[in-house]
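Here's the structure, in structure tokens; my notes come after.
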Amino acid sequence: MTNRAGTGGGSLPRILVFSTNNISDPGIDLAGSRHLHYPATVSTITVPCSSGIQPAWIVHAIESGFDGVFIATDGDECAYLPDCNERSARIAAEAQEQLRSLGYPAQRVRMAALCSVCAEPFVNHMREFSQMLAALAPTGTGEEAA
Amino acid sequence: MSERRIGVYICHCGGNISDYVDVAKVRDAIKDEPGVVHAETTLFACSDGTQQDMIQRIRDEKLDGLVVASCSPKLHLFTFRGVSKRAGLNPFQYSQVNIREQDSWAHGDDHAGATEKAIGLVKAGIARTQWSVPLEPISVKTTPKTLVIGAGIAGLRAAIGLADIGLGVYLVEREKELGGWVARFGAMYPNRSSGRELIDRLVAEVKKRPEIVVLTNAELASKSGSFGNYVTEIRINNDIPDSLRLEVGSIVVATGFDTYRPEIGEYGYGIDGVLTLPEFKELVDHSTGSLTYHGKPVRTVAYIYCVGNRQPGGNEYCSRYCCAATVHASIEVDRIDQNVHQYHLYRDIRTYGKFELMYEESRKRGSVYMKFPDGTPPSVAKAPDGRTLLVTTRDTLTGGEELTIPADLVVLVTGMVPRDNEELTTILKLPVGSDGFYNEIHPKLRPVETVVDGVMIAGACQGPKNSTESVASGLTAVTQSGAMLMKGVAELDPLVATVDPERCTWCGACQEVCPYAAIDKITVDGREVATISAATCKGCGGCTSYCPDHAIDLLGSTTSQIESMIDSLAEDPLERVEEPVA
């Protein structure tokens, strides 16, 4: 199963977001606090810092049926690591490489910095990513690696 | 089959969650998950009664894990960790699942989708708790000093309070003088003591306390470290610039507000005799015997309320202090000269609490109040004679007829706007709300704390406040700083990286990438392996992905936890619900 039966808007891609406790997760919270809508097929797992995400988790998510993984990094605001962006980018690139070798296109993994008040940017990212994923062939069809 | 004993609570949050998410359906979908021995829905998980029920159940059913699906962990993670602790359950076996900010509120347009999402999220929370292990918090020594930024009425009062509870204080003020806005004010409500006098009293108290170091012409230039032990750099903007390095345990931001500046032409602003509220207050505060403007006696004043506030597309919020401040100014005008005619053109009068008495007094003294319709604000023009101003308005209280009031002065009742503090906001990573003011974690429950541990906000930098409210929040920040620093030690989350010595084959990659020097090489049973200092590790997990042996895990976000959360989220949420009951 790749696409959960959407309810309000038909069949929508399933997106797993990795957010960070202190910066990007409050930004995602704020989107909800302002009642900004994005697809309900987006779910979030929170970690302390995006540099602690393991490429294997991303691969696991895609292989388990998620259509896309979005890493919401702290950007330059990371309280832990000044080079958090570079580290997170390395993780995303490694996951993309592993996915490519399994026949999934790299576009299924996306990364962007999200600040603690970036409510609208988050919603826009989710809408755009969802549209992009919907245009890709569904995972597991064997058609998408071409 | 899991041997865990997990209790799950799914919160209605009044209707904040249950209006959009079918909480009973969520409960039914997760009640048979492995390890779950109890699942229920509750109207308010955070209420005292429910917390007591949880404690009782944890004890009676010997629960070894707790999951509460409610609001953001920013609000209640510590509430339910506390519940766990009081019930004898290790607090790190508690998982908070956010089904409000990240579900019901975000998907009000898709109730079925929100319910499905909640099922997945709660299952993922159960999975996180399934793989949790009991952990003990890490103790770190804290620095018993607080940096207060801004020496207005809130910052000054906070500095005194902090010194009195035994903390060292650095009071940093950007301007040359202490006192902020209130230092410029004359008679204030309720006992007419002047703002200047109040500030002088506070400054005298500050001077009596050697624990308070005052730095003027000074600004925060950088901040590093973490809660309990921040290292800050203060830039001193004297003729000979200087900088200071200060070590503090907490930071209180009390940088105050700015006032709205109307555009030229906005309600006639720019015409001689059209003043903003602060400009008018200054005129009143410096008047004795009679109210004069440019040497001419003032006979009529017209006040136009809500200028720059409650404007769609502009400052949408109510600035809330300006009604009372204007009513008060009009009483002061009447005290100076009882023959001044005063017309108040308002949208709504918000003189809450005791200010209602002041409003009553102003009417008794002869002020006339006229309510203009929301979409039809008054207009201001110079009279043909070039001397007086003409204010045209409609009064909805007397049938909406158009009236023109000739006035000597027109006062635009301007509200508070956020100060431009971009550098400070960036350095402290302070969250800014849609209104531009700093955001607290929770307006009622955690009113001065921010998402940055140990950094608090007080006074009008949080949003429009009068001086009484500013002082109250300054003192709240004192209490909160005391609660954080008076013990001398702070408990930090033990959610740090750990090495599995069985798997580690020591390559040194983790040590190379750790900027905190938390990783060392040790010998275990004749083998060289990595070890991580729990006190030094900051818990970022940055080392984990560099380990070729997959020997490092971050506690609280272990690979077992994350991958089982992914499995739960990927599952078809309704599979279990739709199974026929055996």
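Chain identifiers are assigned alphabetically (A, B, ...) following the order of the sequence lines, protein sequences preceding nucleic acid strands; residue numbering begins at 1 within each chain.
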Whether B:K74 side chain and A:N21 backbone form a donor-acceptor pair below 3.5 Å: yes
Most chain A-contacting option - heavy-atom pairs closer than 4.5 Å, from B:M565, B:R100, B:H550, B:E101: B:E101
B:L495, part contacting chain A, at a heavy-atom distance under 4.5 Å: neither
Pair B:W105, A:S33: side-chain N/O donor-acceptor within cut-off below 3.5 Å: no
Candidate pair A:T44 and B:L121, rule side-chain contact (heavy atoms from CB on, under 4.5 Å), full reasoning: CA-CA 8 Å; A:T44 302; B:L121 291 173; 5.8 Å; no
Pairs of heavy atoms under 4.5 Å with chain A: top-ranked of B:C543, B:C540, B:P515: B:C540
Aromatic plane relationship, A:Y38 with B:H107 - under 30° parallel, 30 to 60° tilted, over 60° perpendicular: perpendicular
Top contributor to chain A contacts, counting heavy-atom pairs under 4.5 Å, from B:G556, B:P73, B:G539: B:G539
Engaged part of A:I28 at the chain B interface, taking heavy atoms whose separation is under 4.5 Å: both
Nearest-0.5 Å distance, CD of residue B:E116 to OG of residue A:S43: 10.5 Å
A:D25 portion near chain B, given a 4.5 angstrom heavy-atom threshold: both
Proximity breakdown for B:Y546 and chain A, heavy-atom pairs closer than 4.5 Å: both
Residue B:S224 versus chain A: region with a heavy atom under 4.5 Å: neither
For chain B, which residues of residues 85-96 of chain A have heavy atoms nearer than 4.5 angstrom: A:R87, A:R90, A:I91
Sub-4.5 Å side-chain heavy-atom contact between B:L554 and A:V47: no
Nearest heavy atoms of A:H60 and B:I566, plus distance in Å: CD2-CG2, 3.7 Å
A:G52 to B:T544 - nearest heavy-atom pair and separation: O-OG1, 3.5 Å
Side chain to side chain, B:L569 and A:F66, heavy atoms closer than 4.5 Å: yes
Criterion side-chain contact (heavy atoms from CB on, under 4.5 Å) on B:D567 and A:S64, from CA distance to verdict: CA-CA 7 Å; B:D567 291 342; A:S64 303; 3.8 Å; yes
Atom pair OG (B:S104) and NE2 (A:H35), whose distance is rounded to the nearest 0.5 Å: 7.5 Å
Which atom of B:I552 lies closest to which atom of A:Q54, heavy atoms considered: O-NE2, 4.0 Å
Side chains of B:K117 and A:T41 in contact at under 4.5 Å (non-hydrogen atoms): no
Contact leader toward chain A among B:V513, B:D453, B:N439, B:N98, where contacts are heavy-atom pairs under 4.5 Å: B:V513
